[in-house]
Amino acid sequence: MSKAKLEQLRSELDKVNLEILELINKRGELVKQTAQAKENHGADKNYDPVRERDMLELIKKNNTGPFKNATIIHLFKEIFKAGLELQEKDHTNDLLVSRKHKIDNTIIDVNGAKFGDGAPRYIFGPCAVESYEQVAQVAEQIKNKGLKIIRGGAFKPRTSPYDFQGLGFDGLKILKEIADEFGLAVVSEIVSPSDIEKAAEYLDVIQIGARNMQNFELLKAAGEVNKPIVLKRGMSATVSDFINAAEYIHSRGNGEIILCERGIRTYETSTRNTLDITAVPILKQETHLPVIVDVTHSTGRRDLLIPAAKAALAIGADGIMAEVHPDPAVALSDAQQQMDFDQFDQFYNEVVKK
Ligand code: PEP
Ligand code: MN
């Protein structure tokens, strides 16, 4: 063979190598797109043995040599493996709150009530802190039932600026004093990032309300404190928006997040919001965080609190939030939907005690 011929063959080989390289990378791109399409359909994008066998059969059928089938199969299996590794790499982009990132349930201990451990947990208390006496009466009811947590709003994000806005830090002080007296933990909403650090002195759990679910500065501030967070779903937020809001908190270092489904806005007017009950198992599947349901703000109806709570627990919620007031008729907020003490007893007997 002449030297010139050899050079020509070598240059052709180089060309073929580059063509193979281009094709392998083209295949890699297609594998990534296929994985994305499968994920959009909710399917697992990992190894599919049936599909791999079909691809190998097609390759064998078309193999005209000079390589034997066994050699070709070996080479293609390596290419397929590289494609799978490419998908694994994309997994590193998974969210910290995702089940893919952490398979086990996150369990959050609030004064001995372990949210996410499989047993239902409860957060009761008035919509808003109105006075020492009002909160103390509710705290006594909660304690007598052997429950561990009280809620109450001190910073109230109200639709109208002329409505009762809450007692602010004075309200938090009332909550803290009473909670210490009755041995309860306190959950209360904070609306401003600059209040979070100071509020953490009074609170055991910081609530971020529906209206602030995408207040990203507040979420970041919540991610920097060492307190569990109850994050409520925004009234127009998709499940994906909700999960990403939780990720904001987790990404700043605080992974103690309890997700709270509290109903979304729809065209339906027979309830205050529409309780998106299937969001519960979706959130449980997609994240490792505890998920609770606020039956008060979702339904806005006292007559629906018990059935909604039963439905939430039946579908897998880790807990329930509901509002209780000594005299709902004179409550400064949410007068139509808070339970009085008789209704609280009934709720306790039918849902909590079972
Ligand atoms: C609340 O729980 O006090 C409250 C205002 O609820 P939401 O943010 O869900 O409307
Ligand atoms: Mn309320």
Side-chain angles (χ1 to χ4, degrees), residues 110 122-130 134-135 138 149-161 163-168 171-172 174-175 186-192 195 199 203-215 218-219 222 228-237 239 241-242 245-246 249 257-266 271-277 279-280 283 291-302 304-305 308-309 312 317 319-340 343-344 347:
V110 182
Y122 297 92
I123 302 173
F124 293 110
C127 181
V129 176
E130 297 168 8
Q134 170 237 13
V135 177
V138 179
I149 305 168
I150 187 166
R151 60 148 284 149
F155 296 91
K156 296 300 299 174
R158 305 300 300 281
T159 304
S160 164
D163 286 339
F164 176 59
Q165 302 286 307
L167 299 180
L172 295 190
I174 291 174
L175 277 168
V186 175
V187 182
S188 195
E189 176 168 357
I190 297 302
V191 296
S192 166
D195 286 343
L203 302 181
D204 299 284
V205 178
I206 293 169
Q207 179 169 313
I208 294 183
R211 288 154 196 81
N212 273 315
M213 190 208 80
Q214 283 188 317
N215 180 339
L218 186 63
L219 297 174
I229 308 292
V230 166
L231 178 65
K232 303 190 85 176
R233 179 178 181 182
M235 55 191 88
S236 305
V239 167
D241 295 337
F242 193 16
I249 300 171
I257 307 157
I258 299 168
L259 300 174
C260 180
E261 161 60 39
R262 48 79 71 208
I264 50 175
R265 276 224 169 128
T266 68
T271 48
R272 177 169 163 179
N273 289 286
T274 298
L275 174 55
D276 182 8
I277 196 79
V280 175
L283 290 165
V291 180
I292 64 172
V293 170
D294 173 346
V295 290
T296 299
H297 295 96
S298 52
T299 65
R301 285 176 49 165
R302 242 177 243 125
L304 298 181
L305 299 178
I320 302 292
M321 177 184 279
E323 289 181 347
V324 179
H325 191 286
D327 187 359
V330 299
L332 295 178
S333 56
D334 286 349
Q336 318 75 15
Q337 64 205 40
Q338 301 194 61
M339 290 183 271
D340 65 21
Q343 287 153 348
F344 187 23
F347 189 99

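When a residue number appears, it is its place in the shown sequence, counting from 1. Whatever order the structure lists them in is the order used to number ligands and atoms, beginning at 1.
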Closest non-hydrogen protein atom to [atom], residue and atom name please, with distance?
atom                   : value
atom 3 (O) of ligand 1 : Arg151 NH2, 2.8 Å
atom 9 (O) of ligand 1 : Arg262 NE, 2.6 Å
atom 8 (O) of ligand 1 : Ala210 N, 2.8 Å

When you measure from the side chain of [X] to the backbone of [Y], do you find a donor-acceptor pair of N or O atoms at a distance under 3.5 Å?
X      : Y      : result
Ser188 : Gly152 : yes
Asn212 : Asn215 : no
Thr296 : Glu323 : yes

Problem - Distance-only polar pair, side chains of His325 and Asp334, donor-acceptor under 3.5 Å - result: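 The answer is no; no qualifying pair exists.
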
Problem - Residue Lys156 vicinity, atoms of ligand 1 by number, heavy atom under 4.0 Å - result: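 Matching atoms, with element in brackets: 3 (O), 5 (C).
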
Handout entry: Gly209: numbered ligand 1 atoms lying under 4.0 Å from its heavy atoms
Key =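 In order of numbering, the contacting atoms are 8 (O).
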
Exercise for the section: Please note down the angle at the Mn ion (ligand 2) between SG of Cys127 and OD2 of Asp334, to the nearest 10°. Expected result: 100°

Practice task
Can you tell me, to 10 degrees, how wide the angle at the Mn ion (ligand 2) is between OE2 on Glu323 and NE2 on His297?
Solution key: 80°

Less than 4.5 Å apart, any side-chain heavy atom of [X] and any of [Y]?
X      : Y      : result
Arg233 : Val239 : yes
Asp204 : Pro228 : no
Arg302 : Pro328 : yes

Handout entry: Under 3.5 Å: N/O of Glu189 near N/O of ligand 1
Key = no

Handout entry: Option nearest atom 4 (C) of ligand 1 (shortest heavy-atom distance, choices Glu323, Met321, His297)
Key =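 Going through Glu323, Met321, His297 one by one, His297 has the nearest heavy atom to atom 4 (C) of ligand 1.
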
Exercise for the section: Ignoring hydrogens, just give me the one of Lys232, Arg158, Gln207 whose non-hydrogen atom is nearest atom 7 (P) of ligand 1. Expected result: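 Residue with the shortest heavy-atom distance to the ligand atom: Lys232.
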
